[in-house]
Structures are given as C-alpha cells and as structure tokens.
There are 2 protein chains.
Amino acid sequence: MAHPESDQTPAHWRRRTEAALRDAGLRCTFPRHAILDWIAAAAAPFTAEQVVAALETQHGTSSRATIYRLLDWLQAAGWLTRLYSDGTQHTYARFWPGHHHIAVCLRCGSATIMSECHIEEGIRPALAALDFELQGHVLELYGVCGNCRTHSN
Amino acid sequence: MAHPESDQTPAHWRRRTEAALRDAGLRCTFPRHAILDWIAAAAAPFTAEQVVAALETQHGTSSRATIYRLLDWLQAAGWLTRLYSDGTQHTYARFWPGHHHIAVCLRCGSATIMSECHIEEGIRPALAALDFELQGHVLELYGVCGNCRTHSN
DNA sequence: TGATTGATTGATACTAAATCTCAATACTTT
DNA sequence: AAAGTATTGAGATTTAGTATCAATCAATCA
C-alpha cells in the first residue's frame, strides 16, 4: 500500500504535498506554502471560499486566483477530494492519491481509504436483484475517525 | 413498501407528484404542469438550467424563478434527489420519498431504491477495521436499469 | 554575483448559477 | 362579483468560479 493509514496525518500530508509540487516541477512559493499550511491545519472539510476568506482577506498572502489554481491542481493530483455537497460550493477534504472510497472525518478533515472489496461485496447482490448494470458510483462516509476519538474528547 | 419498483415509472412519478402538490395545498398551475411534464419526460438526470432553457427560452411557459422554486419543493418533498456532481451546477434525478440509497439510470433518469441493509452489511466490517464512527453517508450508483436494458438498445 | 528566462502571481473584469424582490396576475372562496 | 390569497415573472442582486495579462518572482546559468 502506498500510504499506510498511520502515515495519513495532516503533518505528513503537508510534507508530501510540498514534495509532490517539487516533483511536478512546480515552485514552492510563499503563497502556495500559505495555502498548504492552511489546508493542513483545517479542522474539517472546507470550501475554496473559506481558504480565500482566511488567506486573502485576513493576511493578504494569497489571491483568489492562486488559491483556486492550487486547489484544482491538488485535486487533480489526488491530494484533495471534492465531497458531495447539498450547497452551491464545492467542499474539499485532504486526500491521498489513488484512493476511491473515502471515510471523511468531520473532526480533523482527513479522508481515509476504505477497503473497496468489502463495499463491492455488499452492493453486488442488491444490484443483481435490480438487474442494474453498474457503470460508476460515489460512496462517501462521514463520521469521526479512530484517531480523533482516541486523542480528543 | 410504499413504492414497489414496478410502479416507479416516469408516468407514475408524474401522477404522484401532481397529487402530492394538491395534498400539500399547492395549486397545479400551468407553469407547474409544464415543469412536471418536462421532468417526467427527461431522458437522463438534468440540471435546473436545462429546465430553464427548455421551458423559459423555447416556450415561455415557466420563468426561472418558478422553476427553481418547484425544484426546491420537489427535492424537499423527496420527489427529486440531488446527485453528486463534479461541476458547478446541481444535477437532479426523479426520486421517491423516503428512499436514501439510489441507483440512477443514466438512460431514463430514474433513481430507484437500493436495499439498504445489504449495503450496510458490506460497509460495517471496513468501518470496524478503521475504528470509524459513522454519522452519515452518501451512496450513489450510476448505470443502466433493467427496464432500459430490456426495452431499448 | 548579476542577468536571463520562464513560471507565477494578483488585480480586475467577466461569466454563470442561484436567489431575492415586489408589482401584476390568477385562482378560490364567499 | 368581490375579497383574499397563492403564484408568477421580469429583472436586480449575490455569489462562485473563470479568464486575462502586465508585473513580479524564483531558479538557473554565465
């Protein structure tokens, strides 16, 4: 497994995304540092406008355009995932490349891998009963991760 | 079961939503008829702006405000569901009140119920392995329903 | 070190989705 | 027919997200 669960801390995500930027030939500029810092410190899933409000208005460290650009890149590279949302704005959570099913911790904002095979097993009989030809799916689970339950509250 | 699968045709959805409007004390006006007709005839999940383009621009039957109002009401009442979407616009599919897990047919646009218990069975062991406290979830399956596979193609 | 080169930034303009407003209109009831 | 209420819709407004492009910055090379 490329990313063992124990490594999936915000601090590790912060280090890995900076390395990923460099590996992609992108520069680790001050505005990008500020954005990565903010995301790594986010205590829950967040919207682009929350980042804008925190960095553009309050500190003047990163402009709206820079923030949207980096969020898009991080999502395309698999370091962020867009969550289902009832509202108008996209909601993001920290993520790790290569994962597809997620359990989003509403306390620390991390999105950790779910074992895909178990889920497919559960879905298969229901699909068969419907004679439904599956072409794609979205599964998102929300709650509190084991780490948060252990270390706080 | 309140809505057996065999009843979940677009035509039945059309009749039931009109009845639901009346039951709620709302009037079945000409603009609302046109909107319900369009949704019942929709061949796939759709956006609010698609309805606007079809009814406002082409025929002048319903204004943007009326369309958004009815879509909101239908969703709140359980007759539409918003789908996960990568894009900016909300995407809707016909739905039936009281259901939570959906299999969306990309050909006829219907969203039919999935057996909840089977899915939960599949998820539970994976959650236990993560020590994850589940508070909510989104599951959406996309494909082609048995009815569409039988009758067309 | 200083110049060069190309990536990056950010102020601003723009587009598009969705909401809000309120006078005009259309039902419904009496 | 009149009164009262729900509904409509044109247009203004808000907001998210995108596009532009001159100015700036960072990395490399001489």
Side-chain angles (χ1 to χ4, degrees), chain A residues 17-39 45-77 80-93, chain B residues 17-39 45-77 80-93:
Chain A
T17 50
E18 184 165 337
L21 274 181
R22 287 189 210 283
D23 291 348
L26 299 173
R27 294 174 184 166
C28 296
T29 62
F30 180 73
R32 285 176 177 163
H33 270 283
I35 297 165
L36 292 178
D37 284 346
W38 190 92
I39 296 174
F46 59 90
T47 66
E49 288 301 317
Q50 284 180 277
V51 187
V52 171
L55 299 184
E56 186 181 46
T57 305
Q58 294 179 13
H59 308 298
T61 53
S62 313
S63 75
R64 159 180 261 90
T66 299
I67 289 165
Y68 274 88
R69 274 189 290 246
L70 187 56
L71 291 180
D72 285 349
W73 186 86
L74 289 168
Q75 197 218 341
L80 287 179
T81 186
R82 275 184 186 161
L83 306 181
Y84 175 87
S85 166
D86 265 353
T88 300
Q89 296 182 59
H90 291 144
T91 303
Y92 296 89
Chain B
T17 50
E18 184 164 339
L21 273 180
R22 286 189 212 285
D23 291 349
L26 299 172
R27 294 172 185 167
C28 297
T29 62
F30 180 74
R32 286 175 177 164
H33 269 283
I35 296 165
L36 292 177
D37 284 346
W38 191 92
I39 295 174
F46 58 90
T47 66
E49 288 302 314
Q50 283 180 279
V51 187
V52 171
L55 299 184
E56 187 181 46
T57 306
Q58 295 178 13
H59 308 298
T61 53
S62 314
S63 75
R64 158 179 264 91
T66 300
I67 290 165
Y68 274 87
R69 274 189 290 248
L70 187 56
L71 291 180
D72 284 349
W73 185 87
L74 288 168
Q75 196 218 341
L80 286 179
T81 186
R82 276 186 187 161
L83 305 181
Y84 175 87
S85 168
D86 264 353
T88 302
Q89 295 181 61
H90 291 145
T91 302
Y92 296 89

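A, B, ... follow the sequence lines: proteins, then strands. Residue 1 opens every chain. Side-chain atoms are counted along with the backbone in the values below, which use heavy atoms only and exclude waters and symmetry mates.
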Taking D:dT18, C:dT9, D:dT8 as options, the one with an atom nearest any side-chain atom of B:P31 is D:dT8
Whole-Å distance, B:Q75 CD to C:dA18 C1', equals 14 Å
Note to self: At less than 4.0 Å, is any side-chain N or O atom of A:H90 found next to OP1 or OP2 of D:dG17? Yes or no.
What the structure shows: yes
*If we only count heavy atoms from C-beta on, is the A:Y68 to A:V51 side-chain gap below 4.5 Å?*
no
Any strand, both distances under 3.5 Å, Watson-Crick or G-U wobble: D:dA30 pairs with C:dT1
Out of C:dA17, D:dG17, C:dT9, minimum distance to the side chain of A:T29 belongs to C:dT9
Whichever of B:F30 and A:L26 has the more 5' nearest nucleotide on DNA chain C, that residue is A:L26
Against the side chain of B:E49, the closest entry in C:dG10, C:dA18, D:dT18 is C:dA18
Looking only at D:dG17, D:dT7, D:dA10, the nucleotide nearest the A:R64 side chain is D:dG17
*Can you tell me if A:R32 uses its side chain to pair, donor with acceptor, with the backbone of A:L70 under 3.5 Å?*
no
From CG of A:D72 across to C1' of D:dG17 the rounded distance in Å is 9 Å
Quick one: is B:Y68 getting a side-chain N or O under 4.0 Å of the C:dT19 phosphate, OP1 or OP2?
-> no
Note: A:S62 and A:A34 closest approach over all heavy atoms is OG-CB, 3.9 Å
With the side chain defined as heavy atoms from C-beta on, A:S63 is closest, among C:dG10, C:dA17, D:dT7, to C:dG10
| query | Would you say the side-chain atoms of B:Q75 pair up with the backbone N or O of B:D72, donor to acceptor, closer than 3.5 Å? | reply | no
*Please confirm whether any donor atom in the side chain of A:R69 sits under 3.5 Å from an acceptor in the base of C:dG10, or the reverse.*
yes
Ranking C:dA11, D:dG4, C:dG6 by distance to the side chain of A:A65, first place goes to C:dA11
The nucleotide from C:dG10, D:dG9, D:dG17 with an atom nearest the side chain of A:T66 is C:dG10
